[in-house]
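Working notes, structure below.
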Amino acid sequence: MPEFKSLDNRLKFEGKITSIYESDFIAPNGEQITREITRHPGAVCVVPIVDSEVVMIRQFRPAIGDYLLEIPAGKRDIDGESPDVTAHRELQEEVGLSTNNMVELAQFYNSPGFCDEYSYCYVALDCEYVTDDRQGLEEEYMTIERISISGILALVTSGKIVDAKTIIGLSLALQYLNER
């Protein structure tokens with residue numbers, strides 16, 4: 001592969017979750033380019049299965065000014081915490097579930113055109129109810145919805161589920177369940 005060489009990174013904004021850098025590169029043809037890059041600590045997402053249903057959340061997302069139907073997810077914002085521990089923590093925090101049967105389905109970049117956020121996706125089976133521990137104002141007002149596994153793809157194709165991590169997670173979880 002032709003090589004792009006990093007020249008410089010200038011911090012433009014540092015927030016609680018992300019930082020934005022202006023970064024310079026030399027392209028393989030010698031031309032210099034500048035790109036804005038958002039740095040993110042990474043995330044996990046979990047497809048919890050209870051009986052024949054997926055336990056999902058409907059949460060307000062300020063960036064789009066609306067509620068989205070999503071699988072539970074969260075930032076990897078505790079130093080040294082492994083992705084699977086973060087996934088277990090988020091499963092309890094958001095939907096009050098615990099499991100000893102969590103399987104990693106995939107790892108992926110969410111939007112590599114501008115952001116380095118890297119996600120770990122899991123399916124949680126044999127879940128048990130525990131006390132939830134919601135964090136933040138958006139989680140306080142989110143609702144939990146149980147969706148029949150048989151109806152999941154129809155919600156995606158009809159546009160009722162439009163969140164990328166949720167579409168990826170649900171698709172991979174359905175494949176995993178069909179192959180068991």
Side-chain angles (χ1 to χ4, degrees), residues 1 3-25 27 33-48 54-95 97 102-124 132-142 144 152 155-156 159-176:
M1 299 293 304
E3 187 176 335
F4 284 78
K5 294 180 184 169
S6 178
L7 296 177
D8 190 27
N9 292 297
R10 295 170 300 284
L11 180 64
K12 293 298 186 176
F13 170 80
E14 187 167 21
K16 293 179 182 177
I17 299 170
T18 62
S19 297
I20 299 174
Y21 289 83
E22 192 172 71
S23 301
D24 298 323
F25 297 86
I33 59 173
T34 301
R35 298 292 182 260
E36 295 170 356
I37 299 174
T38 301
R39 302 286 180 201
H40 186 282
V44 300
C45 56
V46 182
V47 181
V54 178
V55 181
M56 300 182 68
I57 59 171
R58 188 171 301 275
Q59 182 172 331
F60 182 75
R61 293 302 193 176
I64 64 164
D66 204 356
Y67 284 81
L68 288 180
L69 184 60
E70 305 174 46
I71 57 177
K75 293 181 299 300
R76 295 196 56 224
D77 54 359
I78 296 178
D79 284 341
E81 184 175 72
S82 67
D84 62 314
V85 170
T86 306
H88 282 279
R89 179 173 50 81
E90 290 294 337
L91 185 63
Q92 179 182 355
E93 282 181 11
E94 293 195 356
V95 293
L97 292 172
M102 184 149 348
V103 178
E104 183 178 313
L105 298 172
Q107 299 177 19
F108 55 89
Y109 286 101
N110 293 42
S111 291
F114 74 94
C115 184
D116 68 352
E117 180 180 3
Y118 192 77
S119 291
Y120 295 79
C121 184
Y122 299 87
V123 63
D132 68 30
D133 184 23
R134 295 185 180 189
Q135 306 286 318
L137 207 51
E138 289 96 338
E139 287 186 11
E140 181 181 332
Y141 290 99
M142 74 182 183
I144 296 174
I152 286 294
L155 292 175
V156 173
K160 290 185 173 44
I161 294 176
V162 294
D163 174 62
K165 73 179 173 310
T166 299
I167 294 170
I168 292 168
L170 292 172
S171 299
L172 293 173
L174 290 173
Q175 178 182 345
Y176 177 83

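This is a predicted model, so every value here is computed, not measured.
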For [X], give me all partners under side chain to side chain contact (heavy atoms under 4.5 Å, CB included), at least two apart in sequence or on another chain.
X    : answer
I167 : V156, I161, S171
L172 : L105, A106, I168, Q175
I152 : V54, M56, I147, L170, L174
E14  : L11, S19

Partner set under side-chain hydrogen bond (donor to acceptor under 3.5 Å, both in side chains) for [X], not counting sequence neighbours:
X    : result
D132 : none
Y67  : none
T18  : none
S111 : none

Between atom [atom1] of [X] and atom [atom2] of [Y], what is the distance when rounded to the nearest 0.5 Å?
X    : Y    : atom1 : atom2 : result
I37  : E22  : CD1   : CD    : 10.0 Å
E104 : D84  : CD    : CG    : 8.5 Å
Q59  : I144 : CD    : CD1   : 11.0 Å

[X] vs [Y] side-chain heavy atoms within contact, under 4.5 Å:
X   : Y   : answer
L91 : P48 : yes
R10 : T34 : yes
I33 : F4  : yes

- Item | Heavy-atom closest contact (F25 atom, S6 atom, distance) | CD2-CA, 3.7 Å
- Item | Check against side-chain contact (heavy atoms from CB on, under 4.5 Å), V46 and M102 | CA-CA 9 Å; V46 182; M102 184 149 348; 4.3 Å; yes
- Where at least one partner belongs to residues 69-89, residue pairs that pass ring-ring contact (aromatic ring centres under 6.0 Å, His included), sequence neighbours excluded: none
- Over 12 foreign heavy atoms within 6.0 Å of CZ, F60: yes
- Task: Can you sort out the partners of Y109 under ring-ring contact (aromatic ring centres under 6.0 Å, His included), two or more places apart, ordered by chain and number?
- Result: Y118
Result block: side-chain N/O donor-acceptor pairs under 3.5 angstrom for residues 70-81, not counting sequence neighbours:
unit_1	atom_1	unit_2	atom_2	d
E70	OE1	R61	NH2	2.9
E70	OE1	K165	NZ	2.6
E70	OE2	R61	NE	2.7
E70	OE2	R61	NH2	3.4
R76	NH2	E81	O	2.9
E81	OE1	T86	OG1	2.7
E81	OE1	R89	NE	3.2
E81	OE1	R89	NH2	2.7
E81	OE2	R89	NE	3.2

Which donor-acceptor pairs under 3.5 Å do side chains of residues 38-45 form with protein atoms, sequence neighbours excluded?
unit_1	atom_1	unit_2	atom_2	d
R39	NH1	D116	OD2	3.3
H40	ND1	G42	N	2.9

